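Encoded as structure tokens, the structure appears first; notes follow it.
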Amino acid sequence: ETGVTQTPRHLVMGMTNKKSLKCEQHLGHNAMYWYKQSAKKPLELMFVYSLEERVENNSVPSRFSPECPNSSHLFLHLHTLQPEDSALYLCASSRDRGPSSYEQYFGPGTRLTVT
Amino acid sequence: GNSVTQMEGPVTLSEEAFLTINCTYTATGYPSLFWYVQYPGEGLQLLLKATKADDKGSNKGFEATYRKETTSFHLEKGSVQVSDSAVYFCALSNSGGGADGLTFGKGTHLIIQP
């Protein structure tokens with residue numbers, strides 16, 4: 001499989017559940033990103049990983065916990081979410097940080113609904 | 001800080017009409033500029049980009065020119081098709097090379113009617 005894949009594509013969870021989103025990139029990239037896409041709002045950058053090390057956390061609530069075990073895989077662990085966390089969560093990758101990181105490749109996203 | 005402003009839409013056009021989607025930006029330094037497209041049920045795909053002033057990005061009949069004097073990067077297409085119906089995002093990345101990812105506009109929903 002090529003490109004950036006995400007699983008599951010759809011997820012419905014209660015506020016007390018714990019779930020994880022998975023992202024895998026088959027492009028040989030060194031940087032990976034999580035974005036949140038909510039209706040009527042710009043995409044929000046949540047986390048950036050470069051060579052498996054987190055380099056930025058844009059004040060995301062602790063109920064979102066990222067994990068990057070290697071340069072090809074990225075997880076977003078979810079626990080005790082709120083209804084306002086319902087959104088499309090997009091994963092992206094780029095060759096590196098810095099100038100060559102401008103071009104990012106996106107996965108199809110996970111549509112999350114918190115009930 | 002960085003910001004991107006674009007018309008939100010929806011923008012509804014007939015097939016073969018001329019398309020313009022406006023995008024203006026605010027940024028420090030010399031950003032690179034992008035247009036991404038999101039088709040229904042899919043993630044974002046890079047449509048075109050420009051990395052310096054007066055550059056023109058083009059792809060699939062779409063064009064956008066990096067205008068530093070007006071801080072704009074308007075997307076144009078001479079004759080749209082039904083298959084162009086999607087959400088279009090203007091974005092920038094600061095050429096300082098920070099790890100900020102991309103700064104996106106809110107997206108413009110384009111609907112092309114046959």
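Quick note on labels: first sequence line is chain A, next is B, and so on, each numbered from 1. Keep in mind the model is a prediction, meaning the values are calculated, not measured.
For a residue to count as touching a neighbouring chain, one of its non-hydrogen atoms must lie under 4.5 Å from one of that chain's; by this rule A/Arg111 does not touch chain B. In this structure, no portion of B/Gln6 lies under 4.5 Å from any heavy atom of chain A. Contacts of A/Leu90 with chain B are made by side-chain atoms alone, with heavy-atom separations under 4.5 Å and no backbone atom involved. Looking at B/Leu44, the atoms closer than 4.5 Å to chain A (heavy atoms on both sides) sit in the backbone and in the side chain alike.
Distance alone, capped at 3.5 Å, places no donor-acceptor pair between the A/Glu44 side chain and the A/Lys36 backbone.
In this pair, B/Phe34 and B/Tyr36 present their aromatic rings tilted. The plane angle is within the 30 to 60° band.
In summary, the side chains of B/Thr103 and B/Tyr25 do not present any donor paired with an acceptor at a separation below 3.5 Å, with no hydrogens or angles considered.
Here the rule is ring pair (Phe, Tyr, Trp, His ring centres under 6.0 Å) with A/His29, and of A/Tyr49, A/Tyr105, A/Phe106 only A/Tyr105 fits it.
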